[in-house]
Amino acid sequence: MSPALVLTTVNAPHSKQLDAQELAFCLLHPEAAQAVPGHMSSFFGEVSPKLQIEFASSYNISKQQLAAAAKAFAIYSGETYPHIS
């Protein structure tokens with residue numbers, strides 16, 4: 001899986017562009033995710049769960065870590081996102 005599709009979706013509406021490593025870092029660090037809420041909202045809300053899992057896996061982030069990141073960001077943002085399974 002190329003991260004380009006994920007990054008295009010995540011970065012599209014924002015002037016600040018995240019690279020793949022920065023996005024992966026945000027998935028593991030809630031305070032970093034909160035610093036770029038628009039990007040994270042796009043990742044969890046607009047990128048399909050399948051692509052989320054593939055992206056995370058390519059950066060050695062487990063499904064459990066990804067699900068925890070989604071839950072933590074949902075609590076922070078007040079949004080709901082598709083479940084990772």
- Side-chain touch C26/F43, heavy atoms, less than 4.5 angstrom: no

- Do the side chains of F73 and L27 get nearer than 4.5 Å, heavy atoms only? no

State, to 0.1 Å, how close [X] and [Y] come at their nearest heavy-atom pair, and which atoms those are.
{"X": "E22", "Y": "Q17", "value": "OE1-O, 3.8 Å"}
{"X": "L23", "Y": "V6", "value": "CD2-CG1, 3.9 Å"}
{"X": "Q52", "Y": "F44", "value": "NE2-O, 3.4 Å"}
{"X": "I61", "Y": "A24", "value": "CD1-O, 3.7 Å"}
{"X": "Y81", "Y": "S77", "value": "OH-OG, 3.3 Å"}
{"X": "M40", "Y": "A33", "value": "CG-O, 3.5 Å"}

- Task: Please identify each residue that fulfils salt bridge (Lys or Arg N to Asp or Glu O under 4.0 Å) with K50, with sequence neighbours left out.
- Result: E54

- Query: Do L5 and V10 share a hydrophobic cluster (ILVMFWY, side-chain heavy atoms under 4.5 Å, transitive)?
  - Reply: yes

Donor-acceptor pair, distance only, cut-off 3.5 Å: does the side chain of [X] make one with the backbone of [Y]?
{"X": "S57", "Y": "I53", "answer": "no"}
{"X": "H39", "Y": "H14", "answer": "no"}
{"X": "Q65", "Y": "L28", "answer": "no"}

